[in-house]
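Let me begin by presenting the structure, written as structure tokens, before commenting on it.
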Amino acid sequence: MTAPKPGFSQLRLEGVTRRFGSQNALSDLDLTIEAGEFIALLGPSGCGKSTALNCLAGLLPLTGGSIWQDERRIDVLPPERRGFGMVFQSYALFPHMSVRANVAFGLRMRRLPKQEIRRRTDEAIRLVRLEEHVDKLPGQLSGGQQQRVAIARAVVLEPSLVLMDEPLSNLDAKLRLEMRTEIRRLHQSLGLTTVYVTHDQEEALSLADRLVVLRAGAVQQIGSPQELHTRPANWHVADFMGYRNLWPMRVQAAQAGEITVEADGLRLVGDPVGQIAAGDQVVAAVRPEDVRVDDPHATTNTVPAEIEVVEYQGRELAAEARNDAGLRVHVRTDKRIAPGDRVTLSIDPRRLLVFPSDSVERPAAGLADAAEPGTLREPRLVP
Ligand code: ATP
């Protein structure tokens with residue numbers, strides 16, 4: 001198959017908003033997608049990912065904003081006139097049609113010449129490596145193979161944009177990894193422009209050129225995988241990006257580029273993200289892999305703790321430790337540790353990000369005393 005022409009150089013979402021009654025499912029999404037980009041929309045359940053995708057596809061009318069393909073306004077067009085391909089979580093294949101007929105369906109609807117249909121269908125089937133299965137019915141295929149048919153059916157139309165809504169979530173872990181590689185390969189080899197919805201941060205980080213993190217219908221951050229990984233904009237994004245340790249603390253002292261935070265006698269030095277002043281309530285965040293165990297060179301941010309739970313995870317161990325004040329610390333280490341061990345944990349101050357505590361919601365991680373949802377909790381680290 002020849003690479004589909006993108007048919008545009010930029011797709012712009014300007015203030016895209018979708019309300020359901022009084023609820024803003026998506027608020028004011030501004031995003032410029034360059035042709036050839038792979039964009040992932042990422043966020044927890046209900047954050048507005050599918051709403052954004054359906055607005056792009058034309059399956060949901062906008063209640064505010066506009067969508068542009070270069071200078072052409074497209075949010076006013078019906079789905080079929082946008083020329084986008086869609087791949088859903090449920091494969092939505094025709095069960096009574098063979099693989100070949102499923103893939104050819106869209107081309108037949110367009111009344112293309114028989115020979116061209118045959119050529120393009122064969123090529124799409126070859127691209128997703130289903131040559132041996134062309135005459136089977138969907139029910140005779142595995143989940144991964146069915147999803148490949150769904151992908152072939154979308155790309156055979158040479159769409160200017162491919163929209164994927166959690167296409168891998170029905171597959172088992174091994175197939176998910178295989179199909180992930182497959183999707184990235186197709187994106188690259190066909191020069192597609194792809195918008196991909198997922199709640200799986202690892203999937204988003206490994207696939208996308210840029211990620212859009214949504215929360216409660218609002219954009220939290222747009223950036224490259226590396227930007228989001230190393231510099232999340234707020235603690236909600238950090239939470240999503242694998243900063244499993246999120247500790248409510250209070251600022252003791254704030255200087256340029258360095259901040260001292262405290263809770264229940266534990267004092268740590270970290271790297272502030274955003275405007276933070278002495279006395280502020282903050283959330284200190286660190287990834288399990290950035291918590292070191294018994295590092296003889298560690299001089300700052302040392303935390304004596306006891307190992308409570310250890311999980312074997314290949315070359316490394318994932319462990320949960322607790323300090324004397326009850327602070328729970330998630331750790332990843334290649335050190336041999338066991339439940340009951342007394343250890344000294346340490347954190348490089350540059351890896352401890354300190355975020356403003358922006359709302360009445362506070363992270364639950366690290367605290368043994370669960371507060372009522374939505375209530376303000378004092379940063380007490382009691383067991
Ligand atoms: P998930 O990962 O669970 O699919 P999502 O991030 O895709 O979630 P959306 O499906 O976009 O979330 O939903 C965003 C919000 O809009 C949710 O609170 C949802 O309840 C609401 N919503 C979505 N569709 C409708 C609808 N047709 N009518 C009313 N509310 C809706």
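In listed order, ligands and their atoms are each counted from 1. Heavy atoms only: backbone and side chains are in, while hydrogens, waters and symmetry mates are out. Since this is a predicted model, take the numbers as computed values, not measurements.
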Looking at side-chain heavy atoms only, is the closest gap between Asn301 and Pro349 below 4.5 Å?
yes
In this structure, CZ of Arg73 is separated from CZ of Arg12 (nearest 0.5 Å) by 11.0 Å
Answer with yes or no whether Gly43 contacts ligand 1, where contact means a heavy atom under 4.0 Å from a ligand atom.
no
Charged N-O contact under 4.0 Å between Arg210 and Glu227:
no
Backbone, side chain, both or neither: what part of Gln23 comes under 4.0 angstrom of ligand 1, heavy atoms only?
side chain
Salt bridge check: are Arg322 and Glu308 linked by an N-O gap of less than 4.0 Å?
yes
Do Arg342 and Asp324 sit within salt-bridge range, that is, some charged N less than 4.0 Å from a carboxylate O?
yes
From the options Ser50, Gly46, Gly21, select the one whose nearest heavy atom is closest to atom 7 (O) of ligand 1.
Ser50
Glu166 heavy atoms, cut-off 4.0 Å: which ligand 1 atoms fall inside?
2 (O)
Answer whether the closest heavy-atom distance between the side chains of Leu11 and Thr32 falls below 4.5 Å.
no
Once you restrict to heavy atoms under 4.0 Å, what part of Pro44 touches ligand 1? Side chain, backbone, both or neither.
backbone
Heavy-atom proximity to atom 12 (O) of ligand 1, best of Gly48, Ser45, Ser169:
Gly48
How far is atom 28 (N) of ligand 1 from its nearest protein heavy atom, and which residue and atom name does that atom have?
Phe20 CD2, 3.4 Å
So which heavy atom in the protein is nearest atom 2 (O) of ligand 1, and how far is it from that ligand atom?
Lys49 NZ, 2.9 Å
Tell me: protein heavy atom nearest atom 11 (O) of ligand 1, and distance?
Thr51 OG1, 2.5 Å
Can you confirm whether something in the protein, heavy atoms only, sits under 4.0 Å from atom 15 (C) of ligand 1?
yes
Report yes if some heavy atom in the side chain of Thr198 is under 4.5 Å from a heavy atom in the side chain of Leu42; otherwise report no.
yes
